[in-house]
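One structure is given here, and the rest of the page talks about it.
Please read these numbers as outputs of a predicted model, since none were measured by experiment. Throughout, numbering of the chain's residues begins at 1 and tracks the sequence.
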Amino acid sequence: MKSGVPKGENCLVDMDSKAGDLFSAEPADAAGSGGVMGSLPPWLSALPHRLWLPKGLSPSVAKEWFDRRRASIRPWAGFVDHRKFTKPRNFGELCQRVVRNFDTYNSNYTFIFLGLIIYCIISSPMLLIALAVFVGAFYIIHLKSLESKLVIFGKEVTGPHQLGLAGAVSFPVFWLAGAGAAVFWVLGATMFVIGSHAAFRELEGGSEMEELFMEPV
């Protein structure tokens, strides 16, 4: 009675060949899919290809906006130079300063506003959790819409509706985190900081520029 199991040297050759096949497939797969990514599970390797946002929220658009703002920032040393802060002589000069300084330091004010938002979020762990719930809900809804059309009450859920649906899902968490108070705090702090700077910061060009704007036409 013959057995199908190899014996002796044949067994060693057979095992060596199978071991070689087993380990030779791994480098090929890793090289074909980018090194480390080849050793990851298929669902994790495919994840970066599915991580995309609608066109209006794409990372490239956000980066372009950020770079444009950063390029137009006025030097911070001049922005906070205490020698340039004086009391407006009258209400007309106050209005002129606010309008002109908002135009001159628009990018600086934008980054101050973003900084206050980041500070508010970091100082409140519950807000971080609420934002994580919102982002997670939006991402799950967006992935579901990619697999098949999402229809609620007979209407397809598009990009803006997905954001609204994610907001509705995460609203209880935001409410528990006191998001309303945080929003009012950010708005109040922004108005106070930016408004004070715009009102008391002299215009670029000094008093001559202010007199030019105050001259009657």
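- Hydrophobic clustering, with ILVMFWY side chains joined whenever heavy atoms are under 4.5 angstrom apart, keeps Phe184 apart from Val193.
- Contacts of Ser107 classified as side chain to side chain donor-acceptor pair (under 3.5 Å), with partners at least two apart in sequence or in another chain: Ser72.
- Contact detail for Val186 and Cys120: the closest heavy-atom pair is CG2-CB, 3.8 Å.
- Here the CD1-CG distance, from Ile140 to Leu165, works out to 11.0 Å after rounding to the nearest 0.5 Å.
- Scanning for side chain to side chain contact (heavy atoms under 4.5 Å, CB included) contacts around Phe91 gives Leu94, Cys95, with sequence neighbours left out.
- Under the rule for a ring pair (Phe, Tyr, Trp, His ring centres under 6.0 Å), the partners of Phe66 that lie at least two apart in sequence or sit in another chain are Phe111.
- Remark: of the listed residues Glu93, Arg201, Arg97, Arg97 is the sole one forming a side-chain hydrogen bond (donor to acceptor under 3.5 Å, both in side chains) with Thr86.
- Listed by first and then second residue, the salt bridge (Lys or Arg N to Asp or Glu O under 4.0 Å) pairs involving residues 65-74 are Lys63-Asp67, Glu64-Arg68, Asp67-Arg70 (not counting sequence neighbours).
- Linking ILVMFWY residues whenever their side-chain heavy atoms come closer than 4.5 Å, directly or via other members, leaves Leu128 and Met126 in distinct clusters.
- In the hydrophobic clustering, Ile122 connects to Ile118, either directly or through intervening members, whenever side-chain heavy atoms lie under 4.5 Å apart.
- Residues Phe102 and Phe200 fall into different hydrophobic clusters, defined by Ile, Leu, Val, Met, Phe, Trp and Tyr side chains chained together at heavy-atom separations under 4.5 Å.
- With contacts defined as side-chain heavy-atom distances shorter than 4.5 Å, the pair Val183/Leu187 qualifies.
- With Thr110 as reference, Asn106 is the one residue of Ile112, Asn108, Asn106 to meet the side-chain contact (heavy atoms from CB on, under 4.5 Å) rule.
- Sorted by first and then second residue, the pairs that involve residues 184-199 and meet side-chain hydrogen bond (donor to acceptor under 3.5 Å, both in side chains), not counting sequence neighbours, are Tyr109-His197.
- Ser123 contributes a side-chain N or O that, together with a main-chain N or O of Tyr119, makes up a donor-acceptor pair within less than 3.5 Å.
- Across Leu127 and Ala182, no two heavy atoms sit closer than the pair CD1-CB, 3.7 Å.
- There is a path of hydrophobic side-chain contacts, each under 4.5 Å, that joins Ile117 to Phe134.
- Hydrophobic cluster membership is shared by Phe113 and Tyr105, with clusters built from Ile, Leu, Val, Met, Phe, Trp and Tyr side chains linked at under 4.5 angstrom.
- Taken to the nearest 0.5 Å, the CZ atom of Phe138 stands 9.5 Å off from the CG atom of Leu143.
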In residues 169-178, what donor-acceptor pairs under 3.5 Å come from side-chain atoms, sequence neighbours left out?
| unit_1 | atom_1 | unit_2 | atom_2 | d |
| --- | --- | --- | --- | --- |
| Ser170 | OG | Ala166 | O | 2.9 |
| Ser170 | OG | Gly167 | O | 3.4 |

